[in-house]
2 protein chains.
Amino acid sequence: MKMITNMEKLKTLLESRGLKPTFQRLTVLEYLEKHECHHPTAEMIYEALIARIPTISITTVYNTLSAFLEKGIISAETITGTEVRYDFAPVPHHHFLCTKCGKIYDVKIKCPLGNDMKNTIDGHHIHEIHGYFKGICRECSNKKSGKQK
Amino acid sequence: MKMITNMEKLKTLLESRGLKPTFQRLTVLEYLEKHECHHPTAEMIYEALIARIPTISITTVYNTLSAFLEKGIISAETITGTEVRYDFAPVPHHHFLCTKCGKIYDVKIKCPLGNDMKNTIDGHHIHEIHGYFKGICRECSNKKSGKQK
DNA sequence: GTTATTGCAAAATATTTGCATTATA
DNA sequence: TATAATGCAAATATTTTGCAATAAC
């Protein structure tokens, strides 16, 4: 029985969407998959990948992310309002931004925005549903109340 | 009985939030109130106001919008992903962006995101709830199916 | 070998900052 | 008059574009 590596799995994913599995694309996708909860910016991905691919350019990161978005492999979130955060998200979900520490959490809500909802609203045909929350996260709340050790 | 003009009403609103009612601020607020469904960018406001205040600067528009946001008079939406849209919105609501014509509609959904929801999620304390939809609007759908005259 | 991708440099866009001028209370 | 707001110029940050070099199939 043949072992299937993670890279081979990602390669197959790219090919199935009609994207050539270049080293740059595979590395960006692997980073997004491993760090999926970090919701990085293009710049963060670029900085992280320079160690592995010293010649990579920010243009390639943007090209790659655009291609992934177009094929629906990743999603883009504008939750912070200052830059786009990218998310490798096989399962649709919403987000929570902590206004204190800046961390973005995935949230799986029971009654998600759009659940038991028709695919139209006021006659408009819905293709995408985005929902996000802002506030103080669990961790920062605990720190505030002196619960951190 | 004394008539209360709209400008006087807006002046009172600014003063009640501790903001000096300068001509620039009143004019920006009046524009947002009258065009509240247009969800303009800072640039759109600036372009529109040059006719009335030829000396106004984009910096003042940004300063003004920041002050309004801080005082909760307006809200900011990042629905398009490329720039911030401002909204004078006395009643909280969600938004729909038409990916064809770019128009942003207000939507009052029956089961809004966060309705019948506690003020925490996964232990995170919620201060703001944002929800938006993307798709093809009523008008563009009609055009597509040949219903426009 | 042909076509698509990469990556550099420069441009475009959106927003912020420093500071002198001006207006407000 | 003291304080805050305005507006110009320049800076910063993010993203996009043109194009030549390179890599994939």
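Chain letters run A, B, ... following the sequence lines, proteins first, then strands; residues in each count from 1.
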Practice task
Answer with yes or no whether B:T59 presents, from its side chain, a donor or acceptor under 3.5 Å of a partner atom in the base of D:dC8.
Solution key: yes
Euclidean distance, atom [atom1] of residue [X] to atom [atom2] of [N] [Å, nearest integer]:
{"X": "A:Y62", "N": "D:dT14", "atom1": "OH", "atom2": "P", "result": "7 Å"}
{"X": "A:I45", "N": "D:dT15", "atom1": "CD1", "atom2": "P", "result": "11 Å"}
{"X": "B:L26", "N": "D:dA5", "atom1": "CG", "atom2": "P", "result": "13 Å"}

Practice task
Answer yes if the ring centres of B:Y132 and B:H94 are under 6.0 angstrom apart, and no otherwise.
Solution key: no
Problem - is_close_aromatic(B:H124, A:F133), centroid dist under 6.0 Å - result: no
Problem - Side-chain (A:R17) to main-chain (A:K71) donor-acceptor, under 3.5 angstrom - result: yes
Under 4.0 Å, heavy atoms only, any strand: does [X] hit a base, just the sugar-phosphate, or nothing?
{"X": "B:T82", "value": "sugar-phosphate"}
{"X": "B:I58", "value": "nothing"}
{"X": "B:T55", "value": "sugar-phosphate"}

Completion exercise
Note: chain A reaches DNA chain C at heavy-atom distances under 4.0 Å over the stretch, first to last nt, 5' to 3', of C:dA4 to C:dA9
Whether the [X] and [Y] side chains hold a donor-acceptor pair (N or O, under 3.5 Å, no angle test) is what I'd like checked.
{"X": "B:D106", "Y": "B:H39", "value": "yes"}
{"X": "B:H93", "Y": "B:D87", "value": "yes"}
{"X": "B:Q24", "Y": "B:N63", "value": "no"}

Exercise for the section: Please determine if B:E139 and B:K103 form a salt bridge, counting it only when a charged side-chain N lies under 4.0 Å from a carboxylate O. Expected result: yes
Practice task
Give a yes or no on whether a salt bridge exists between B:E30 and B:R25, defined as a side-chain N under 4.0 angstrom from a carboxylate O.
Solution key: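 Here B:E30 does not pair with B:R25 in a salt bridge, since their nearest N and O are not under 4.0 Å apart.
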Practice task
Encode nucleotides 20-25 of chain D as B, S and - characters from 5' to 3', where the letter depends on protein heavy atoms closer than 4.0 Å: B to the base, S only to sugar-phosphate, - to neither.
Solution key: -----S
Handout entry: Shortest side-chain distance from B:R25, nucleotide among D:dG7, D:dT15, D:dA5
Key = D:dA5
Practice task
Fit a plane to each ring of A:H35 and A:Y31, take the angle between them on a 0 to 90° scale, and name the class: parallel (under 30°), tilted (30 to 60°) or perpendicular (over 60°).
Solution key: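 Parallel.
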